[in-house]
Asker: 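Here it is, the structure, as structure tokens.
Numbering of residues begins at 1 and proceeds along the displayed sequence.
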Amino acid sequence: MMVPLEKKIQRLLNIKNEEEAKTKLKKLESNRTFTGEYYALHAFLAISDHFLPQGWLWCWRGLDKTPGDKQLLYIMDYINNELGREGFPTRFSTSIKNRVEQEKIPIEAAEREKTTILQGTMEIANQMHTISKGTTRLGVINHTLNYYPAYLGYASDYTWPISREMRAPGFNNNLKRFTADIVPFYDLFHFHFGKTLTLNHADLDVIKHQRKGMIMHHWGSEVRLLSTARKTNPYAKVKIEDEKMLKQNLAFLSGKIPHCIVADEEMYQYVKDYYQKVSIVPLMIDLQKYKPPEVSRPVQNRPLKIVHAPTSPEIKGTSHVVNAIDKLKSEYSFEFTLIQKMSHEQARQEYQKADLVIDQLHIGSYGLLAVESMAMGKPVICWISDYMKEKYPSDLPLISANPDSIENTLRNLLQHPEQLEEIGQKSRIYTEEHHDMIKNSQQILHIYEEELSANDLS
């Protein structure tokens, strides 16, 4: 009879349950005792939460400090066995093949033949997780690695918050060792936001040397050039004004990675002269998680609930939104909610209650907030530049407004709220057509297959 993985590790660590593990961890943390046991207990809790890759990462981090720790070696072997990673080269391994309690987990031949993808190392708008979810349903193994977790609370298979460590002397060498140990497990690396496995991108040569595929996915401020943006958008703003640095980064990354993905034509402007190939794949969401309310509330004869969620107030145009709201309060009765520092799930619940969502007023294109809100049948205000109006599908139902027009746009909607219901219905239909996770993951899967084939890696 097979012993469950959790039970094996409980025996190994001499603990009865998760609560005992948490108690021991709390004591170790209060005493700042970061021994092998500290990492082993974290690994056990990750496995208990069904995050096997995260358990592996905790073992790796511990073994990188204390390579001979028997508990961590055993746990890592258990996890590699569960994940079908036996036979891959690794620095860390025990000889536990003949141990009575180490049963071989039968891995189906079809499972062994699946393409394995690692995405990383920064989660942007929950897109890593959504791409992973969508492509996994289509038959690949797609894990995500996040070095920069934020208050939004997006899920990831591996999470390693490196912000406190990255300035430590020699930390990039830790990441180089990590690269050497994790690259063999994956066929293709799908990077995001200009970030890779190491701080200086030394991993890219390692990945290329091992004949693995690579793709870069660009999302915004890491490539958005103000001089280019202003040619098509008079209201453009950027987070990074150092164009020389942005161009150097683009030139370097495109010299190592031939193929990149962007979400729309606004982003295409900045990367088209650098990468050999650029694919456009729109933002995607799991439409089953974002649905219009089952019972709609008529907007006539009650105050409208208006919501604005500025993750970056300067770029979103929050000051213009707030000024317009303050002026209109004396004329109309409505509720206004500014959503900040909430988890993604908490924020989603607020969007669900809204009658109208205000997105961004400067970029000239729309982002995840607009997509999620439209999927819930919400009318959305967002600045769409004339350039992008020509590029987006003709059925785009967004209400366009910029810093100069936001007040009048809101006034019109407050005077004629009856138009919101139809816009909301069209919004849901639009997301079903253009932002469905499964449809768009098929495009991503095709890019994976193309890249693997081009490198003779399939």
Asker: Not counting sequence neighbours, list each pair that qualifies as a salt bridge (Lys or Arg N to Asp or Glu O under 4.0 Å) and has a residue in residues 132-153.
Answerer: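 Salt bridge (Lys or Arg N to Asp or Glu O under 4.0 Å) check on residues 132-153 returns Lys133-Asp286, Arg137-Asp286.
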Asker: Cation-pi between Arg224 and Trp219: NZ/CZ under 6.0 Å from ring centre and within 45° of the ring axis?
Answerer: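 No - Arg224 does not lie over the ring of Trp219 by the 6.0 Å and 45° rule.
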Asker: Taking only residues two or more places apart in sequence or in another chain, which ones pass salt bridge (charged side-chain N to carboxylate O under 4.0 Å, His left out) with Glu432?
Answerer: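 Only Arg428 meet the salt bridge (charged side-chain N to carboxylate O under 4.0 Å, His left out) criterion with Glu432.
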Asker: Check whether any side-chain N or O of Gln269 sits under 3.5 Å from a backbone N or O of Glu266 as a donor-acceptor pair, and report yes or no.
Answerer: yes
Asker: Verify, without hydrogens or angle tests, whether Asn31 (side chain) and Thr33 (backbone) share a donor-acceptor contact under 3.5 angstrom.
Answerer: no
Asker: Would you call Val223 and Met267 a side-chain contact if the rule is heavy atoms closer than 4.5 Å?
Answerer: yes
Asker: Among all residues two or more places apart in sequence or in another chain, which pass the side-chain contact (heavy atoms from CB on, under 4.5 Å) test with Ala354?
Answerer: Val307, Val357
Asker: How long is the gap from CG on Leu225 to NZ on Lys247, to the nearest 0.5 Å?
Answerer: 6.0 Å
Asker: Please report the C-alpha distance between Ile15 and Leu41 in whole Å, then the side-chain angles of each, then the deciding distance to 0.1 Å, and finally whether the side chain to side chain contact (heavy atoms under 4.5 Å, CB included) criterion is met.
Answerer: CA-CA 9 Å; Ile15 54 175; Leu41 289 166; 4.2 Å; yes
Asker: Is it true that, when you exclude Lys426 itself, more than 12 heavy atoms of the residues, nucleotides or ligands shown sit nearer than 6.0 Å to its NZ?
Answerer: no
Asker: Is the count of non-hydrogen atoms from other residues, nucleotides or ligands lying under 6.0 Å from Asn14 atom CG greater than 12?
Answerer: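 Count not over threshold, so no.
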Asker: Ring-plane angle category for Tyr186 and Phe189, please: parallel below 30°, perpendicular beyond 60°, tilted otherwise.
Answerer: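 Aromatic pair Tyr186/Phe189 classed perpendicular.
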Asker: Is the distance between the ring centroids of Tyr430 and His435 under 6.0 Å?
Answerer: yes
Asker: Ignoring hydrogens and geometry, is there a side-chain-to-backbone donor-acceptor pair from Gln360 to Ser365 under 3.5 Å?
Answerer: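 Yes; at least one donor-acceptor contact below 3.5 Å.
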Asker: Mind checking what makes salt bridge (charged side-chain N to carboxylate O under 4.0 Å, His left out) contact with Lys277, not counting sequence neighbours?
Answerer: Glu450
Asker: Would a distance-only check, ignoring hydrogens and angles, find a side-chain to backbone donor-acceptor pair under 3.5 Å from Ser48 to Phe44?
Answerer: yes
Asker: Output all residues satisfying side-chain contact (heavy atoms from CB on, under 4.5 Å) with Thr135, sequence neighbours left out; order by chain, then residue number.
Answerer: Ile131, Val140, Asn142, Ser441, Ile444, Tyr448
Asker: Quick one: CD1 on Ile257 to OH on Tyr274, what's the gap to the nearest 0.5 Å?
Answerer: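 Atom-to-atom, Ile257:CD1 and Tyr274:OH are 15.5 Å apart.
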Asker: Listed by chain and number, what are the salt bridge (charged side-chain N to carboxylate O under 4.0 Å, His left out) partners of Lys378, not counting sequence neighbours?
Answerer: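 So Lys378 forms no salt bridge (charged side-chain N to carboxylate O under 4.0 Å, His left out) with any residue.
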Asker: Sequence neighbours excluded, which residues qualify as side-chain hydrogen bond (donor to acceptor under 3.5 Å, both in side chains) partners of His218?
Answerer: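 For His218 the side-chain hydrogen bond (donor to acceptor under 3.5 Å, both in side chains) partners, ignoring immediate neighbours, are Glu222, Tyr275.
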Asker: Just grab all the salt bridge (Lys or Arg N to Asp or Glu O under 4.0 Å) pairs involving residues 147-170, residues at least two apart or on different chains.
Answerer: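 Checked against salt bridge (Lys or Arg N to Asp or Glu O under 4.0 Å) - neighbours excluded - the pairs reaching residues 147-170 are Arg61-Glu165.
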Asker: Can you tell me how far the CG atom of Asn80 sits from the CZ atom of Phe92, to the nearest 0.5 Å?
Answerer: 11.5 Å
Asker: For residues Thr198 and Asp203, is any side-chain donor paired with an opposing acceptor at under 3.5 Å?
Answerer: yes
Asker: Answer whether the closest heavy-atom distance between the side chains of Leu145 and Leu118 falls below 4.5 Å.
Answerer: yes
Asker: If you look only at pairs with a residue in residues 28-37, which of them pass as a salt bridge (Lys or Arg N to Asp or Glu O under 4.0 Å), with sequence neighbours excluded?
Answerer: Lys24-Glu37
Asker: What residues form a side-chain contact (heavy atoms from CB on, under 4.5 Å) with Lys391, not counting sequence neighbours?
Answerer: Glu265, Tyr387, Met388
Asker: Let me confirm one number: the CG-CD1 distance from Leu356 to Ile306, rounded to the nearest 0.5 Å.
Answerer: 5.5 Å
Asker: Return yes if some donor-acceptor pair links the side-chain N/O of Asn440 with the main-chain N/O of Pro282 below 3.5 Å, else return no.
Answerer: yes
Asker: Residues two or more places apart in sequence or in another chain: which of them pass salt bridge (charged side-chain N to carboxylate O under 4.0 Å, His left out) with Glu20?
Answerer: none
Asker: Is the shortest side-chain N to carboxylate O distance from Glu372 to Arg348 below 4.0 Å?
Answerer: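 The answer is no: the pair does not qualify as a salt bridge.
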Asker: I'd like to know whether Ile79 forms a side chain to side chain contact (heavy atoms under 4.5 Å, CB included) with Trp60, so could you lay out the CA-CA distance, the side-chain angles of the two residues, the decisive distance to 0.1 Å, and finally the verdict.
Answerer: CA-CA 11 Å; Ile79 295 170; Trp60 185 91; over 6 Å; no
Asker: To the nearest 0.5 angstrom, please state how far the NZ atom of Lys22 sits from the NZ atom of Lys26.
Answerer: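 Atom-to-atom, Lys22:NZ and Lys26:NZ are 11.5 Å apart.
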Asker: Go through the structure and list residues passing side-chain contact (heavy atoms from CB on, under 4.5 Å) with Ile162, not counting sequence neighbours.
Answerer: Tyr147, Tyr148, Trp160, Met166, Phe171, Leu199
Asker: Aromatic rings Tyr38 and Phe34: how do their planes relate, parallel, tilted or perpendicular, breaks at 30° and 60°?
Answerer: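 Perpendicular: the ring planes of Tyr38 and Phe34 meet at over 60°.
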Asker: Quick one about His201 and Thr196 (side-chain donor to acceptor, distance below 3.5 Å, no hydrogens or angles considered), yes or no?
Answerer: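 Yes, side-chain donor-acceptor contact under 3.5 Å.
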Asker: Could you go through Asn146 and Tyr158, starting from their C-alpha distance and side-chain angles, then the distance that decides it, and tell me whether this counts as side chain to side chain contact (heavy atoms under 4.5 Å, CB included)?
Answerer: CA-CA 6 Å; Asn146 190 5; Tyr158 304 90; over 6 Å; no
Asker: How about Tyr154 and Glu123: does a side-chain donor come under 3.5 Å of a side-chain acceptor?
Answerer: no
Asker: Would you please indicate yes or no on a ring centroid separation below 6.0 angstrom for Trp56 and Phe185?
Answerer: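 Yes, close enough.
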Asker: Give a yes or no on whether the backbone of Asp187 and the side-chain of Thr116 come within a donor-acceptor separation of less than 3.5 Å.
Answerer: yes
Asker: Quick one: do the His129 and Ser156 side chains pair a donor with an acceptor below 3.5 Å?
Answerer: no
Asker: Does the Gln10 side chain pair with the main chain of Lys16, one donor and one acceptor, at a distance under 3.5 Å?
Answerer: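 Between the backbone of Lys16 and the side chain of Gln10 there is a qualifying donor-acceptor contact (under 3.5 Å).
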Asker: CD of Glu6: more than 12 outside heavy atoms within 6.0 angstrom?
Answerer: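 It does: Glu6 CD has more than 12 such atoms within range.
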Asker: Does Ser254 use its side chain to pair, donor to acceptor, with the backbone of Ala251 at less than 3.5 Å?
Answerer: yes
Asker: Ignoring hydrogens and angles, state whether a donor on the side chain of His308 or Thr318 is under 3.5 Å from an acceptor on the partner side chain.
Answerer: yes
Asker: Answer whether the closest heavy-atom distance between the side chains of Pro67 and Arg91 falls below 4.5 Å.
Answerer: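 No, side chains not in contact.
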Asker: Can a donor-acceptor pair be found, under 3.5 Å and without considering hydrogens, that links the side chain of Gln346 to the backbone of Ser343?
Answerer: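 Here the side-chain-to-backbone pair exists.
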Asker: Just verifying a value: how many Å separate Leu452 CG and Ile447 CD1, rounded to the nearest 0.5 Å?
Answerer: 12.0 Å
Asker: Parallel, tilted or perpendicular: which describes the rings of His42 and Trp58, with under 30° parallel and over 60° perpendicular?
Answerer: parallel
Asker: Do Met122 and Ile124 come within less than 4.5 Å of each other through their side chains, counting heavy atoms only?
Answerer: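 Yes - at least one pair of side-chain heavy atoms lies under 4.5 Å apart.
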Asker: Are the side chain of Ser427 and the backbone of Ile423 linked by a donor-acceptor contact shorter than 3.5 Å?
Answerer: yes
Asker: Does a side-chain heavy-atom distance below 4.5 Å link Met342 with Glu350?
Answerer: yes
Asker: Start with the C-alpha gap between Thr66 and Thr35, add the side-chain angles, then the distance that decides, and say whether side chain to side chain contact (heavy atoms under 4.5 Å, CB included) holds.
Answerer: CA-CA 8 Å; Thr66 54; Thr35 59; over 6 Å; no
Asker: Do the side-chain N and O atoms of Gln119 and His192 include a donor-acceptor pair separated by under 3.5 angstrom?
Answerer: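 A donor-acceptor contact under 3.5 Å links the two side chains.
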